[in-house]
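Structure first, then comments.
Indexing begins at 1, ligand by ligand and atom by atom, following the structure's order.
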Amino acid sequence: MESFRTKVVRGVTLRADPAREPCFKVVHDASELADYSDMSDASRRQRLHKHMHNEMQSLEMAAQSLADFPDVPWELRMCLARQCWDEHRHCRLLYRRLREIGGYKGEFPVMNYEWSVTCMMDSIWARLAIQNRTFEGGEIDLLKRLVRMWEEAGDPVTAELLEGILADEIQHVRFSNTWFKRMSKDNPTVLLKLASAVNFVKSVTKALEPEPGETNAVGVDLTGFEHVEVLANVDDRRLAGFTEGEITEILRQEDALRAKPESSR
Ligand SMILES: [Fe+2]
Ligand SMILES: [Fe+2]
C-alpha cells in the first residue's frame, strides 16, 4: 500500500480528501455543512446533493481498496468491482433526481468524512469493517426511514429511487459479512482487524462530537438531530448477514439511547 497524505480535524488524523471538481466547496467539519433538518425545497435539494456525494465517496473507497490490496482473493475483488459499479449508478441516479428538482452539482458544501475515516485503515478487513459493515450497515437503517419520509413529503419518485439503492446496499453489507465469516475461520486476526477498526470509528466519532448548542452553516443545532428516530431495520439487517447476536446488540444500544434524557443524546 502506498503512503498517503493526511489532515487533522479536531485533533484527529484522517486521510486527506480525494480530488474534487472545482465546483465543489469541500469542508472538513459538520459545523461547516449546510444540512437542513426539515423537508423544505432547499432541504430536499441538499439531502439529494449530500447523498449523491456520499455515493461518490463509496465508489472511491471501494476503488481505493481494489488499488491498495491487489492480493486479496479474486472473488472478493470482484465483489468490490461490482460495488464500484453499483455506487457509480447510485451517484448518477441521485444526480439526475437532484437536477429534476432544480438542484445542481456544487450547490451545497460537501465533506469526505467516510472516505477520510475508512481510508486511514491499512487492511482490507478494517476497510470492509468500516465502509460496509458500519457505514452501509447504518445506511440500511437510515434508508428505510428515508423512503417513508420522502413518501410522506409527497415525492414517491425519490422514495422509489432510495428503495432501489437500499436493495443494493444490503448486498454490499452482505458480501462483507460473508467474507468475514469465511476468512475468520482460518485466520482469527481478521476479527482483530475488525474490532480495532470499530474502535477507531468510535474514537473518531467521540472526538468530532459537536459541543452542546453548536450549529452548522444554516443555523441547525448539531446536537438536536433526532438520531433515535432512525430505528434498526431488523429484517434487512438479517438479509445483510448480521447474526441474531449482532442484531440484539444493536437493539440494546437503541434502547439505551432512547432511555437517555434528550439533553445528553
Ligand atoms: Fe450506494
Ligand atoms: Fe454501497
The Fe ion (ligand 2) - closest N/O/S atom in E136: OE2
With the Fe ion (ligand 2) as the point of reference, which N/O/S atom of H172 is the closest? ND1
Measuring from the Fe ion (ligand 2), name the closest N, O or S atom belonging to E87. OE2
Within the stated cut-off of 2.8 Å, is an N/O/S atom of E55 closer than that to the Fe ion (ligand 1)? yes
Please say which of K181, R252, R133 ends up in a salt bridge (charged side-chain N to carboxylate O under 4.0 Å, His left out) with E246. R133
Looking at CD of E169 and CD of E139, how far apart are the two atoms once the value is rounded to the nearest 0.5 Å? 4.0 Å
Does any donor atom in the side chain of E249 or Q253 lie under 3.5 Å from an acceptor atom in the other side chain? yes
Can you see whether D86 engages Q83 through a side-chain donor-acceptor pair at a distance of less than 3.5 angstrom? no
Residue E169, metal the Fe ion (ligand 1), N/O/S under 2.8 Å: yes
Could you tell me whether any N, O or S atom belonging to H90 is less than 2.8 Å from the Fe ion (ligand 1)? yes
Establish, from distance only, whether the side-chain atoms of N216 and D35 form a donor-acceptor pair under 3.5 Å. no
